[in-house]
Amino acid sequence: MPRPYHERLNFKMALPLRVISHGTVGLKLVLPHWHQAVELAFAYKGQPGTVHIGGSTYEMQPEHLYVINSEVVHSYETFLDDDNQVMTLLLPAAWLRNVVGNEQLPIWGPLDLDLSQDAYQELGRAVRTLAARGGEEPADQADYLASLGAEYQLVGQLLKRLTVNGQVNSDQLPLPQPLRQAVTEIQEKYSQAVSIAELAERLNYSSVYFSRYFKEYMGISPKAYLGQIRLERATQLLMTSQESIQSIALKTGFRTEKNFFVTFKQRFQMTPKSYRERYAAQQTWT
């Protein structure tokens, strides 16, 4: 899984909720990140790909809604065309707190909802009304009021159908501060020799406990995560630069070009050269 980053969102729009239509761009990878908003991923056509929420992975199904709580790490691996489409709806945390009248945001769950089920019919109607806008500003006052009403209907249905009052799992909880610190350090030093044991010690954890704690939230061990960051950085350079494969391998922390080649092929089922030839022209990294 690629490295998380903190995505700062701008909600200075006529409507509080932000709707993002991703179009038919082919390969689209969204790096792991978190933000102060509840994100709803709506697979409204086909099977557009994979969403990672915390430590869990979901293969997106048509007419399913995937719920990502505020400040939870998530990422996407999708291929979008005319038959496979996804739309994301972002509800800013500050607005939600005002709507629900609580300083603490509710924790939503379950995370994978089949909107064709009877229990989610009203929720589905609100989602489809908002998704139909496709991220466009309201055309007139009537359109604005219809969309605003759908937003409040959406929040009402979330509160009614999804609020979790009991035990929650790590996929529904914000990334703890020690892990944010660890993630930041790994992402900043990925090109160097990184000692996971030394990192754990600086955070006052044993290596075994730290690895278990990290995997609980991230779905991957710290060592494997470091390897994924290096691969992610390498794929970016393959798609956006003319640097040699040997130079990219060394720049992204791989000991040798051979080590890079073997690791890359295991992950992507193709060589770095083939990957560059296939995807460089699309430039769909965000």
Side-chain angles (χ1 to χ4, degrees), residues 1-5 7 9 17-35 37-91 107-135 150 154 157-158 161-162 164 168-173 175 217-220 228 232 235 267-269 278-279 282 284-286:
M1 186 172 68
R3 73 178 183 92
Y5 63 94
E7 183 181 34
L9 303 172
L17 180 145
R18 181 177 176 186
V19 181
I20 303 174
S21 178
H22 299 282
T24 56
V25 297
L27 177 70
K28 184 175 179 64
L29 307 180
V30 178
L31 303 179
H33 61 285
W34 63 85
H35 43 62
V38 172
E39 181 167 327
L40 307 174
F42 177 41
Y44 66 92
K45 187 184 292 187
Q47 296 175 280
T50 301
V51 56
H52 304 280
I53 305 174
S56 296
T57 296
Y58 301 91
E59 296 300 327
M60 289 187 279
Q61 301 298 317
E63 288 296 301
H64 278 234
L65 186 73
Y66 300 89
V67 181
I68 302 158
N69 285 282
S70 182
E71 298 187 48
V72 170
V73 172
H74 58 286
S75 63
Y76 297 89
E77 299 171 14
T78 60
F79 192 92
L80 306 177
D81 56 22
D82 290 335
D83 298 319
N84 299 279
Q85 291 284 297
V86 64
M87 189 167 290
T88 54
L89 297 86
L90 293 157
L91 294 88
I107 296 175
W108 315 105
L111 304 183
D112 179 2
L113 308 175
D114 181 354
L115 296 183
S116 67
Q117 293 183 3
D118 290 342
Y120 303 129
Q121 290 299 306
E122 291 298 322
L123 176 61
R125 272 192 280 274
V127 169
R128 293 184 192 95
T129 297
L130 293 165
R133 290 178 49 226
L154 174 64
Q157 286 298 314
L158 289 173
R161 300 293 181 183
L162 303 186
V164 174
V168 298
N169 61 46
S170 59
D171 294 339
Q172 295 167 274
L173 297 174
L175 191 66
Y217 279 87
M218 302 296 290
I220 191 171
Q228 292 287 11
E232 177 62 27
T235 55
R267 172 64 177 82
F268 295 104
Q269 288 78 53
R278 178 175 297 185
Y279 297 123
Q282 297 183 41
T284 57
W285 296 91
T286 59

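Worth knowing before you read on, the calculation uses all heavy atoms, side chains too, and leaves out hydrogens, waters and symmetry mates. Source: prediction; values computed, not measured.
Taking each heavy atom of V72 and D171 in turn, the nearest pair found is CG1-O, 3.5 Å. Scanning all heavy atoms of the two residues, the minimum distance from L123 to Q157 falls at N-CG, 3.7 Å. Residues P48 and L80 share a closest heavy-atom pair of CB-CD2, 3.7 Å. Considering all non-hydrogen atoms of both residues, Q172 and W108 come closest at NE2-O, 2.9 Å. Closest heavy-atom contact between V38 and S70: CG2-N, 4.1 Å.
You'll find the side chain of H35 reaches within 4.5 Å of the side chain of H74, heavy atoms only. At least one side-chain heavy atom of M60 sits under 4.5 Å from a side-chain heavy atom of V86. A heavy-atom distance below 4.5 Å is found between the side chains of N69 and L111. Taking 4.5 Å as the limit, every side-chain heavy atom of T57 sits out of range of all side-chain heavy atoms of V51. Residues T235 and F268 form a side-chain contact, since some pair of their non-hydrogen atoms from C-beta on lies under 4.5 Å apart.
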Evaluate side-chain contact (heavy atoms from CB on, under 4.5 Å) for L90 paired with L17, printing each intermediate quantity in order. CA-CA 6 Å; L90 293 157; L17 180 145; 6.0 Å; no
Step by step, work out the side-chain contact (heavy atoms from CB on, under 4.5 Å) result for D81 and F79. CA-CA 7 Å; D81 56 22; F79 192 92; 4.1 Å; yes
E59 vs H64, test: side-chain contact (heavy atoms from CB on, under 4.5 Å). Steps then yes/no. CA-CA 10 Å; E59 296 300 327; H64 278 234; over 6 Å; no
Chi angles and distances behind the side-chain contact (heavy atoms from CB on, under 4.5 Å) call for L130, F42: CA-CA 11 Å; L130 293 165; F42 177 41; over 6 Å; no
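Using a 30° and 60° split on the angle between ring planes, Y58 and Y66 fall in the tilted class, from 30° to 60°.
Considering only residues two or more places apart in sequence or on other chains, Y217 meets the ring pair (Phe, Tyr, Trp, His ring centres under 6.0 Å) condition with Y213. Considering only residues two or more places apart in sequence or on other chains, R125 meets the salt bridge (Lys or Arg N to Asp or Glu O under 4.0 Å) condition with E122. Residues passing the side chain to side chain contact (heavy atoms under 4.5 Å, CB included) test with T129 are A150, sequence neighbours excluded. With sequence neighbours left out, T88 forms a side chain to side chain contact (heavy atoms under 4.5 Å, CB included) with I20, H22, E39, A41, Y76. Listed by chain and residue number, L113, Y120, L162 satisfy the side chain to side chain contact (heavy atoms under 4.5 Å, CB included) test with P110 (two or more places apart in sequence, or in another chain).
Interatomic distance, CE of M87 versus CZ of R128, reported as 13.0 Å (0.5 Å rounding). Rounding to the nearest 0.5 angstrom, the gap separating the CE atom in M218 from the NE2 atom in H52 is 11.0 Å. Once rounded to the nearest 0.5 Å, the distance linking CG of D114 with CG of L65 reads 10.5 Å.
Applying the salt bridge (charged side-chain N to carboxylate O under 4.0 Å, His left out) test to every pair with at least one member in residues 42-55, sequence neighbours left out, gives no pairs at all.
The side chain to side chain contact (heavy atoms under 4.5 Å, CB included) test with I53 singles out one residue from V73, I68, D112, and that residue is I68.
Side chains of Q47 and Q61: a donor on one and an acceptor on the other come within 3.5 Å.
For Q121 (side chain) and S116 (main-chain N/O), a donor-acceptor pair under 3.5 Å exists by modelled atom type.
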